[in-house]
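Step one of this worksheet: look at the structure below.
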Amino acid sequence: MPELPDVEGFRKTFESCAKGRTIRRVDVRDAGVLHEVSTRRLREALEGRRATKLERHGKWLLARTGGPTLMLHFGMTGQLVCGHPDDAAEAHDRVLFTVGDDRQLRYRDQRKLQGLWLADGDSDVSRLLDGQGPDAMAVARRDFEAALSSRRGKVKSVLTDQSVLAGLGNLLADEILWRARLHPTRRAGDLTEDDRRRLYTQMRRTLRSAVTAGCVPPRDSWLTGHRDDSAATCPRCGSTLHRFRIASRSTVWCPRCQPDES
DNA sequence: TTAGATGTTATTAA
DNA sequence: TTTAATAACATCTA
């Protein structure tokens, strides 16, 4: 699930649930989600502290405390939920943060593909974010266009490459390409000036509404609303959608709206 | 039973 | 050097 809009939603959840409130207790129910940090050190570092600032870069969420920084990545199935300490724990609640008097923030994740890190200082934060390209929501048009034109790979692969641009995942990339009317296997470096401009504009539009929705919404008027139906037609022109695997990811596009010009 | 699922990363190959 | 494909990670569902 988690792409940039989802993680932005988790950022808001963290903020409204726990920002400024003392973390009274850290309960690690499955240490399998901890990276480079032990249960003991996580508890000692965070209990008694409070998250002062919640930041997001691409699909990473950072909780600053004034001391160490808690860094979270959600993989494919992670999420953050805010509840009450008395709520029954669900099977995939891996870490519980009891905050203030009556709230509990939970890192819930079925597959445990990513998890939690604890960065000691700014250099540690930088180390973990090293290799991440500019955030897709914050990148300037010129930087976006420059990054694309220097790449020879397929535009779909380039858009989802976190070292080029941080935040876009498989669904968003397909959605943005469909809106910009670009075939996913077009070479990024071969796009025209106009193609790149359209791509940037549609990326911003798509991100804006997805962030508002808190996810990449499976709306009927979006491509995303049809990707699970193998006989689906394009919501714009009615053509039967094509699907194929690009870089071992399922890819959906409309053959009429997104002609293959390569 | 097997394939595939919105994440990243290491490895291997071209 | 760059790119692409594949497996691996852990777990569930169709």
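Throughout, a chain's letter reflects where its sequence line sits, starting with A, and its residues are numbered from 1. All values below were derived from every heavy atom in this structure, side-chain atoms included, with hydrogens, water molecules and symmetry-related copies excluded.
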Among the candidates [options], find the nucleotide nearest to the side-chain atoms of [X].
| X | options | result |
| --- | --- | --- |
| A/Ser250 | B/dA5, B/dG7, C/dT11 | B/dA5 |
| A/Met76 | B/dG7, C/dC12, C/dA5 | B/dG7 |
| A/Ser248 | C/dT6, C/dT3, B/dA5 | C/dT6 |
| A/Arg249 | C/dT3, B/dG7, C/dT11 | B/dG7 |
| A/Arg152 | C/dC12, C/dA10, C/dT3 | C/dT3 |

>> Does A/Arg243, at its CZ atom, have more than 12 non-hydrogen atoms belonging to other residues, nucleotides or ligands within less than 6.0 Å?
In response: yes
Roughly how many Å is it from [atom1] in [X] to [atom2] in [N], rounded to a whole number?
| X | N | atom1 | atom2 | result |
| --- | --- | --- | --- | --- |
| A/Asp161 | B/dG7 | CG | P | 12 Å |
| A/Glu3 | B/dA5 | CD | C1' | 12 Å |
| A/Leu4 | B/dG7 | CG | P | 12 Å |
| A/Ile246 | B/dA5 | CD1 | P | 13 Å |
| A/Asn170 | B/dA5 | CG | P | 8 Å |
| A/Arg187 | C/dT3 | CZ | C1' | 8 Å |
| A/Asp174 | B/dA5 | CG | C1' | 14 Å |
| A/Trp117 | B/dT9 | CH2 | C1' | 11 Å |

> For C/dA10, what is the paired nucleotide under Watson-Crick or G-U wobble rules, both distances under 3.5 Å?
Replying inline: none
> Is the backbone of A/Gly167 close enough, under 3.5 Å, to the side chain of A/Gln162 for a donor and an acceptor to pair up by distance?
Replying inline: yes
> Which is true for A/Leu113 with a 4.0 Å heavy-atom rule: it touches a base, it touches only sugar-phosphate, or it touches nothing?
Replying inline: base
Could you tell me whether the phosphate oxygens of [N], OP1 or OP2, come under 4.0 Å of any side-chain nitrogen or oxygen in [X]?
| X | N | answer |
| --- | --- | --- |
| A/Arg227 | B/dG4 | no |
| A/Lys112 | C/dT11 | yes |
| A/Arg151 | C/dT3 | yes |
| A/Gln162 | B/dT8 | yes |
| A/Lys59 | B/dT8 | yes |
| A/His92 | C/dA10 | no |

> Think A/Arg127 forms a cation-pi with A/Trp117, using NZ or CZ under 6.0 Å from the six-ring centre and within 45 degrees of its axis?
Replying inline: no
> Within 45 degrees of the axis of the six-membered ring of A/Trp222 and under 6.0 Å from its centre: does A/Arg227 put its NZ or CZ there?
Replying inline: no
>> For the P atoms, the ones on B/dT8 and on C/dT1, what distance do you get once it is rounded to whole angstrom?
In response: 25 Å
>> With a 4.5 Å cut-off on side-chain heavy atoms, are A/Ser149 and A/Arg196 touching?
In response: yes
> Among A/Arg108, A/Arg106, A/Arg29, which one satisfies salt bridge (charged side-chain N to carboxylate O under 4.0 Å, His left out) with A/Glu90?
Replying inline: A/Arg108
> Starting at the 5' end of DNA chain C and moving along, which residue's nearest nucleotide shows up first, A/Gln110 or A/Ser157?
Replying inline: A/Ser157
